[in-house]
Amino acid sequence: MPELPDVEDARRFLAAHTVGQRVERVEASAPEIVRNTTVQGLGRSLVGHRFEQPRRHGKWLLAATDGPIVVLHLGMTGSLRWSGPAEEPDAHDRVVFVLERGKLRLHMPRKFGGVWLAAGPESLEEITGPLGTDAAEVTRSELGALLERRRGGLKSALMDQRLLAGVGNLVADEVLWQAGLHPARAARQLDDLEVDGLHAALRRVLEHSVGHGRVPRHDGWLTGVRDLHDPACPRCGTRLEKATVAGRTTWFCPSCQG
DNA sequence: TCAGTTGTTTATAT
DNA sequence: AATATAAACAACTG
């Protein structure tokens, strides 16, 4: 499920379980998940190093050690799990970091996402590509400035990781619905009030979702109805419309987001 | 059997 | 140069 809130949850999980522990061994049942080195190379570089405080930028998880940085992307189905040292990983635990007191397992049924190794902060960008400000941190004026410079639609702008890092399909739809803005509106054509509303909705959705550990399926939110059979707008009751915008399935209210 | 899916990348088109 | 779109990636669900 990973969008920014899920990755932030994974970051906290990593902080709670791994910080201060030394790597003893690295195993992979799906070695192709290790992207810019081999499983052996990962082991050689990491064994003996201790995990430090992990960071997150957009949907990228940066697990620093007192040596290199382990870079993780959870793709569409990834999550982190922790188990005792004796427990055997299950079939979808693609990469396992054996630490002093247990095993950190990258559980990932679909093999999108992966594990990279960065020598230091300077080499992160070659792995992640250029990333904009983290969506949870962006200021009102920053958001306004980048939308002004952007041609094309609003949803595609929000989901462009180079502009704003961390917004995925669910968050984009939720934010646009809460702000009452049509996903295909021209990004540069919002007035000041609309940018205010968009920024407020972005902050609200991300703050609430991060507190929840994922994008919640709440009553009164678009996410609470979008998977139903024939969803209606929680605000006005109008039947929601489904369209493909920015290449993704998009739900919106033709009345509130006209 | 076929379409759909919360992520990114690549190729191609505009 | 930017932006949009479709396909590909892998595995599962309905």
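Chain letters run A, B, ... following the sequence lines, proteins first and then strands; every chain starts at 1.
Between A:His73 and the options A:Trp60, A:Phe112, A:Trp116, a ring-ring contact (aromatic ring centres under 6.0 Å, His included) holds for only A:Trp60.
Straight-line distance between the P atoms of C:dA6 and B:dA3: roughly 15 Å, to the nearest whole Å. The gap from the P atom of B:dT6 to that of C:dT3 amounts to 24 Å, rounded to the nearest Å.
Between the CD atom of A:Glu174 and the C1' atom of B:dT6 there is a distance of 13 Å, rounded to whole Å. In this structure, the CH2 atom of A:Trp116 is 8 Å from the C1' atom of B:dT8, given to the nearest Å. At whole-Å resolution of the value, CG in A:Asp227 and P in B:dT6 are 8 Å apart. Regarding A:Asp6, its CG atom lies at a distance of 8 Å from the C1' atom of B:dT6, rounded to whole Å. Atom CG in A:Leu106 sits roughly 15 Å away from atom C1' in C:dA11 (whole-Å rounding). Between the CE atom of A:Met159 and the P atom of B:dT8 there is a distance of 9 Å, rounded to whole Å. With rounding to whole Å, A:Leu163 atom CG is found 10 Å from C:dA4 atom P.
Between the side chains of A:Arg50 and A:Gln21, not a single donor N or O lies within less than 3.5 Å of an accepting N or O. The closest side-chain donor-acceptor pair between A:Ser156 and A:Arg150 falls under 3.5 angstrom. A side-chain N or O of A:Gln189 and one of A:Arg185 form a donor-acceptor pair less than 3.5 Å apart. Side-chain contact check for A:Thr133 and A:Glu142: at least one donor-acceptor pair (N or O, by modelled atom type) lies under 3.5 Å. Residues A:His57 and A:Asp134 bring no donor and acceptor atom of their side chains to less than 3.5 Å of each other.
Taking a pair as Watson-Crick or G-U wobble with both distances under 3.5 Å, the runs of three or more consecutive pairs in DNA chain C are B:2-5 with C:11-14, B:7-14 with C:2-9.
Dashed line: the shortest gap from a side-chain N or O of A:Lys111 to OP1 or OP2 of C:dC9 is not under 4.0 Å. Taking side-chain N and O atoms only, A:His92 has no distance below 4.0 Å to OP1 or OP2 of C:dA11. Regarding contacts with the backbone of C:dT3, every side-chain N or O of A:Arg162 stays at 4.0 angstrom or more from both OP1 and OP2.
The A:Thr249 side chain lies nearest to B:dG4 when the options are C:dA11, B:dG4, B:dT8.
The SG atom of A:Cys253 sits 6.5 Å away from atom CZ of A:Arg235, with the distance rounded to the nearest 0.5 Å. Rounding to the nearest 0.5 Å gives a distance of 10.5 Å between NE2 of A:His49 and CD of A:Glu52.
Here A:Phe112 lies parallel enough and close enough to stack on the base of C:dC9, with planes under 30° and ring centres under 5.5 Å apart.
Residue A:Arg94 is in sugar-phosphate contact alone, with no base atom involved, counting any heavy-atom pair closer than 4.0 Å across all strands shown. Within 4.0 Å of A:Gly168, counting heavy atoms only, lie sugar-phosphate atoms of the nucleic acid but no base atom.
For DNA chain B, no neighbouring residue in residues 148-157 of chain A is found when judged by any heavy atom under 4.0 Å.
Residues A:Thr249 and A:Lys242 are in side-chain contact: their nearest non-hydrogen atoms beyond the backbone lie under 4.5 Å apart.
Each of A:Asp160 and A:Thr244 was matched to the nucleotide of DNA chain C holding its nearest heavy atom; the match closer to the 5' end belongs to A:Asp160.
Seen from the ring of A:Trp221, A:Arg226 does not count as a face-on cation partner, given the 6.0 Å and 45° thresholds.
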